[in-house]
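In what follows, residues are counted from 1 in the order of the sequence shown. When a ligand or atom number is given, it counts from 1 through the structure's own listing order.
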Amino acid sequence: MTIQWFPGHMAKAKREVQEKLKFIDIVFELVDARIPTSSRNPMIDEILVNKPRIMLLNKADMADEEITQQWIAFFQKRHIKALAIDSQAGTGVKQIVAAAKEMLKPKFEKMVAKGIKNPRAMRALIVGIPNVGKSTLINRLAGKHIAKTGDKPGVTKAQQWIKVGKEMELLDTPGILWPKFEDEEVGLKLATTGAIKDTILNLQDVAVYALNFLKQHYPDRLKERYSLTEIPEDIAALFDEIGRRRGCLMSGGLVDYDKVAELVLREIRTEKLGRLSFEKPNE
Ligand code: G4P
């Protein structure tokens, strides 16, 4: 992600989404299943107001299955329809059209009652923060490759409707919104999962956050991956142990903390430590 979100960009992004909403029956709000709160736009409820919406927990293939189910139940309790999907492999994607149809049934029944014999297809828009998988999902639903617009509000191309079966049309340009940067932990979670570039935050800070999280929530995975009998209390000692075991050393044999940070984050993002979720409901 190259975008720097300045206030002007945010206002423009919000306006662009609001413009698109005029033509839309339903919004698919894409979030990262590993961090469903941190990967949301902080103003999303205000932006979407009363639009019918389905929450899509994308990258569910990388998230802790049990926690994803807890999230779905959490949203359901709040009368928000949520689905777990993997846009890359296509798992769960078929359910999206069916769920949208169900949600929009009253609206389309009204059209029929008014005498419209062949109601038009449902019109949908995908919105989400950069890197959450919007383009991947659009391609999946379209069944073909659609050129991606830059992750910059204002970088536009002519919008087109893509047919998704007979019953749905999807806008080929998604709504791109910003995450909640001002919260430091949100930034660390976005960086840990790879949603924001490694040059934005200090890599060691991100790895310290990630390792502390694993220590607390997935200690056995941490032990197994790095062959630790015990996890050291002190985070620097944990960096040392991992560094020595994995050969992340500088000349002279001292542990290279940058290399350790890079290794740990790469292994988290490539599921070497298994499926991980960094947020639970009600935390
Ligand atoms: P965006 O339009 O919202 O910015 O996101 P995009 O579709 O470009 O997806 C960002 C990255 O996330 C891509 O990986 C994409 O393959 C990956 N991705 C999207 N959906 C899923 C999913 O459900 N599961 C998994 N595991 N990955 C997903 P990338 O490394 O940036 O690119 P590439 O390796 O696919 O080329």
Enumerate, atom names and distances included, each donor-acceptor pair closer than 3.5 Å involving a side-chain atom of residues 94-111, sequence neighbours excluded.
from	atom 1	to	atom 2	distance (Å)
K101	NZ	E167	OE2	2.8
K107	NZ	D25	OD1	2.7

From the candidates K59, R269, R140, the one that places a heavy atom nearest atom 18 (N) of ligand 1: K59
Heavy-atom proximity to atom 7 (O) of ligand 1, picking from T270, I138, T136, points to T136
Side chain or backbone, does P130 bring an N or O within less than 3.5 Å of an N or O on ligand 1? no
Rounded to the nearest 0.5 Å, what separates atom CG in L190 from atom CD1 in I196? 5.0 Å
Indicate the atoms forming the closest heavy-atom contact of N58 with G133, along with that distance. ND2-CA, 3.7 Å
Nitrogen or oxygen atoms of I85 and ligand 1 under 3.5 Å apart: no
Residue-level breakdown please: for D61 versus ligand 1, do any non-hydrogen atoms fall below 4.0 Å on the side chain, on the backbone, on both, or on neither? side chain
Using a 4.0 Å cut-off to any heavy atom of M62, which atoms of ligand 1 qualify? 26 (N)
Using the ring of each side chain (for Trp, its six-membered ring), is Y257 parallel, tilted or perpendicular to F239, with breaks at 30° and 60°? perpendicular
Does any pair with a residue in residues 174-187 pass salt bridge (Lys or Arg N to Asp or Glu O under 4.0 Å), and if so which ones, sequence neighbours excluded? E185-K189
